[in-house]
Trainee: 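Please read through the structure below; I'll follow up with questions.
Sequence lines set the chain letters: A, B, ... in the order given, protein chains first and strands last, and positions in each chain run from 1.
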There are 2 protein chains.
Amino acid sequence: MTRPKSPVRLEWVDPAVCSTDYRLKIIGRLPFFKHLPPAAISKINNLFHDVDVPADERIYHEGDEAAYLHLVAMGKVKLVRNAESGREVLLDILHGGDYFGSFSTLSGRAHTETAIAQTDSCILRISSRDFDGILADHPDVTRKVLDAVSRRLTESQEIVKQLSAYTVEQRIASALMRLASKLGESRGEGVLIQLPFSRQDLAAMTGSTTETVSRVMSRFADEGWVKTGRKWVTILDMKKLEELISKPYR
Amino acid sequence: MTRPKSPVRLEWVDPAVCSTDYRLKIIGRLPFFKHLPPAAISKINNLFHDVDVPADERIYHEGDEAAYLHLVAMGKVKLVRNAESGREVLLDILHGGDYFGSFSTLSGRAHTETAIAQTDSCILRISSRDFDGILADHPDVTRKVLDAVSRRLTESQEIVKQLSAYTVEQRIASALMRLASKLGESRGEGVLIQLPFSRQDLAAMTGSTTETVSRVMSRFADEGWVKTGRKWVTILDMKKLEELISKPYR
DNA sequence: AAAACTGTATGACCCAGATCAATTAACTGC
DNA sequence: GCAGTTAATTGATCTGGGTCATACAGTTTT
């Protein structure tokens with residue numbers, strides 16, 4: 001049996017997406033801002049600057065001065081921390097509408113993680129100073145931001161739990177499900193995840209290695225739960241993966 | 001050689017500490033509120049209710065409706081997540097002035113972690129609804145809360161990195177240093193950590209087991225870096241522990 | 001279409017750390 | 001001070017998953 005050809009069709013990142021016209025639409029749709037009147041959104045829009053970033057390029061590096069808040073307008077961005085040992089830890093994968101970077105000049109001077117474009121991306125950024133101004137002008141925006149950060153904290157704590165108490169197999173199943181619900185696309189036969197992301201990325205998400213991830217994915221494929229290829233995965237049987245996680249492992 | 005007797009002297013939790021008089025002082029010293037005028041603090045004070053919690057008692061449980069924001073007035077509180085396997089994961093240990101619980105009626109209905117008193121404690125709590133009111137009245141408080149949550153997110157991501165990329169030995173050394181800087185007391189010979197916390201707790205913080213923690217601690221003690229006993233540790237040589245962490249492990 | 005990459009798969013081996021079991025030390029209450 | 005309880009230690013053994021090495025398949029380039 002021959003391996004399935006790649007079903008990956010990446011979204012075409014039109015440079016025009018970052019034009020002033022489109023930006024207004026994107027910013028106006030963000031959870032932080034969408035409740036604001038058009039006049040306010042337009043004013044906020046003027047504070048943002050756009051940057052086109054090709055795939056695999058660093059947007060900022062751990063330790064860099066944290067001068068901007070960033071928004072993903074188009075494309076995918078991964079947040080990474082590098083351990084002294086050289087091992088790379090993947091903290092999160094972001095897509096359209098997600099924020100990253102620092103919120104304020106107060107909360108810290110340096111970025112604590114590295115941001116890398118996973119695909120060609122269009123990033124909007126605003127200086128921390130200007131964003132502070134928005135927060136001061138719009139208390140309700142501050143509330144929404146607080147909610148967003150709280151949610152991300154909860155997610156991070158869930159990862160801590162998984163790294164502490166799950167087997168690699170369970171962590172991989174869990175990571176697949178998270179990615180599917182966040183970035184997956186429903187296809188006839190299942191949910192396609194086409195970030196694109198490699199075994200390497202999945203290993204960095206689960207505190208494991210490429211080889212082990214590859215082995216586990218082969219097992220999943222043999223069971224008929226997933227179909228995999230180069231930098232993509234289709235989940236065929238979500239329920240089985242879920243069972244794997246909830247199963248008390250002794 | 002006989003083992004050193006416990007140097008642990010727990011702070012005496014006077015029930016009076018939670019009296020209205022003392023509460024005003026405690027709340028007025030909190031980073032969230034200390035910049036506010038006395039009148040505002042007094043008003044906020046009236047929204048808080050105090051609860052005395054004996055050691056080892058649950059304050060709330062994972063899954064419970066998240067109706068309150070809590071503050072530690074006196075004592076120590078640990079935040080825990082339980083994995084399906086039964087393993088307990090220790091997310092954080094809090095002390096005087098720290099917040100826990102949920103910030104708002106918006107950000108989620110249920111607690112995602114369990115809070116347990118580590119010592120006899122006095123907890124102040126405010127309903128999420130009332131706290132929402134404070135946030136609405138005082139935008140600057142919202143900003144400070146946002147900063148606090150952001151900081152905690154950064155800490156959580158650091159833990160994720162450590163669980164992904166460090167050896168158990170490194171994670172234990174790192175946990176000891178974190179505890180020392182947060183909750184340690186300088187003594188002549190070193191920094192005493194007397195939460196009290198057991199090998200069990202340290203294992204739950206580092207994603208390990210009591211036995212392994214015990215072995216590692218024995219090694220540290222043999223090297224003369226720490227002195228340990230039942231539920232306490234004195235760190236004698238911080239530098240050596242630090243070296244252990246920064247050492248790229250291959 | 002052949003060559004050159006680069007990501008994936010798999011086999012063989014090994015070790016950090018989990019698990020199981022038993023002993024000892026420290027604290028608690030009488 | 002003694003008995004009872006709970007935490008800590010230490011030993012023996014086992015294994016999940018890391019490491020190293022090699023082969024293979026899919027894209028991309030020429």
Side-chain angles (χ1 to χ4, degrees), chain A residues 1-10 55-56 83 85-88 118 162-173 194-204 206-222 226-233 244 248-250, chain B residues 1-10 55-56 83 85-88 118 162-173 194-204 206-222 226-233 244 248-250:
Chain A
M1 180 191 137
T2 159
R3 185 180 307 276
K5 284 290 174 291
S6 171
V8 176
R9 300 287 169 270
L10 276 182
D56 295 325
S85 62
R87 197 190 270 272
E88 189 174 82
Q118 183 96 334
Q162 295 188 3
L163 287 169
S164 301
Y166 285 17
T167 63
V168 167
E169 190 175 73
Q170 291 177 312
R171 266 137 55 194
I172 292 174
Q194 53 144 344
L195 298 178
F197 78 118
S198 61
R199 299 286 175 274
Q200 186 77 254
D201 290 320
L202 203 42
T206 54
S208 177
T209 61
T210 8
E211 294 95 326
T212 299
V213 170
S214 185
R215 272 182 253 270
V216 171
M217 293 296 278
S218 296
R219 210 180 311 154
F220 287 177
D222 285 349
V226 304
K227 197 182 279 188
T228 75
R230 207 182 161 97
K231 297 208 167 191
W232 61 267
V233 177
L244 212 63
Y249 85 130
R250 45 169 305 103
Chain B
M1 180 191 136
T2 159
R3 186 180 307 277
K5 285 291 174 288
S6 171
V8 176
R9 299 289 169 268
L10 275 184
D56 295 326
S85 62
R87 196 189 272 271
E88 190 175 79
Q118 183 95 334
Q162 295 187 3
L163 288 169
S164 301
Y166 285 18
T167 62
V168 167
E169 191 175 70
Q170 291 178 311
R171 266 138 53 194
I172 291 173
Q194 54 145 343
L195 296 175
F197 79 117
S198 62
R199 298 286 177 274
Q200 187 75 255
D201 290 320
L202 204 41
T206 54
S208 176
T209 61
T210 11
E211 294 94 327
T212 299
V213 170
S214 185
R215 272 181 251 270
V216 171
M217 293 294 277
S218 296
R219 210 180 311 155
F220 287 178
D222 287 348
V226 303
K227 199 181 275 187
T228 75
R230 208 182 159 97
K231 297 209 168 188
W232 61 269
V233 177
L244 212 64
Y249 85 130
R250 42 170 307 104

Trainee: Tell me: CH2 of Trp232(A) to C1' of dG26(D), nearest whole Å?
Mentor: 11 Å
Trainee: How long is the line joining CZ of Arg171(A) and P of dG18(D), in whole Å?
Mentor: 7 Å
Trainee: Ignoring hydrogens and angles, does a donor from either the side chain of Arg219(A) or the base of dT10(C) sit under 3.5 Å from an acceptor on the other?
Mentor: no
Trainee: Is the base of dG11(C) touched by the side chain of Arg215(A) through a donor-acceptor pair closer than 3.5 angstrom?
Mentor: yes
Trainee: Does dG18(D) have OP1 or OP2 under 4.0 Å away from a side-chain N or O of Ser208(A)?
Mentor: yes
Trainee: Could you state the OH-P distance from Tyr166(B) to dG17(C), rounded to the nearest angstrom?
Mentor: 14 Å
Trainee: Please state how far atom CD1 in Ile172(A) lies from atom C1' in dA9(C), giving the value in whole angstrom units.
Mentor: 14 Å
Trainee: Mapping Glu211(A) and Glu169(A) onto DNA chain D by nearest heavy atom, which one lands closer to the 5' end?
Mentor: Glu169(A)
Trainee: Can you name the one residue among Leu202(A), Val216(A), Val168(A) that meets side chain to side chain contact (heavy atoms under 4.5 Å, CB included) with Ser208(A)?
Mentor: Val168(A)
Trainee: Would you kindly give the CE-to-P distance between Met217(B) and dA25(C), to the nearest whole Å?
Mentor: 19 Å
Trainee: What are the two closest non-hydrogen atoms of Val233(B) and Arg199(B), and how far apart are they?
Mentor: CG2-NH1, 4.4 Å
Trainee: What distance do Glu211(B) atom CD and Arg215(B) atom CZ have between them, rounded to the nearest 0.5 Å?
Mentor: 6.5 Å
Trainee: Please tell me if Ser198(A) has a side-chain N or O lying less than 4.0 Å from either OP1 or OP2 of dT6(C).
Mentor: no
Trainee: Would you say Ser218(A) places a side-chain N or O within less than 4.0 Å of OP1 or OP2 belonging to dT10(C)?
Mentor: yes
Trainee: Atom CG of Leu163(B) and atom CD of Gln162(A): how far apart are they, to the nearest 0.5 Å?
Mentor: 11.5 Å
Trainee: Whole-Å distance between dT6(D) P and Arg199(B) CZ?
Mentor: 18 Å
Trainee: Out of dT19(D), dT9(D), dA9(C), which nucleotide sits closest to the side chain of Arg87(A)?
Mentor: dT19(D)
Trainee: Under 4.0 Å between a side-chain N or O of Thr212(B) and OP1 or OP2 of dT19(C)?
Mentor: no
Trainee: Which nucleotide in the list dA21(D), dA25(C), dG18(D) gets nearest to the side chain of Arg230(B)?
Mentor: dA25(C)
Trainee: Output yes when at least one side-chain N/O atom of Ser214(B) is less than 4.0 Å from OP1 or OP2 of dA8(D), else no.
Mentor: no
Trainee: Tell me the interatomic distance from Leu202(A), atom CG, to dG17(D), atom C1', rounded to whole angstroms.
Mentor: 15 Å
Trainee: Between the side chain of Ser214(B) and the main-chain N/O of Thr210(B), is any donor-acceptor distance below 3.5 Å?
Mentor: no
Trainee: So, does Thr209(A) get its side chain near the phosphate of dG18(D), meaning an N or O under 4.0 Å from OP1 or OP2?
Mentor: yes
Trainee: Between atom CG in Asp201(B) and atom P in dA7(D), what is the gap in whole Å?
Mentor: 10 Å
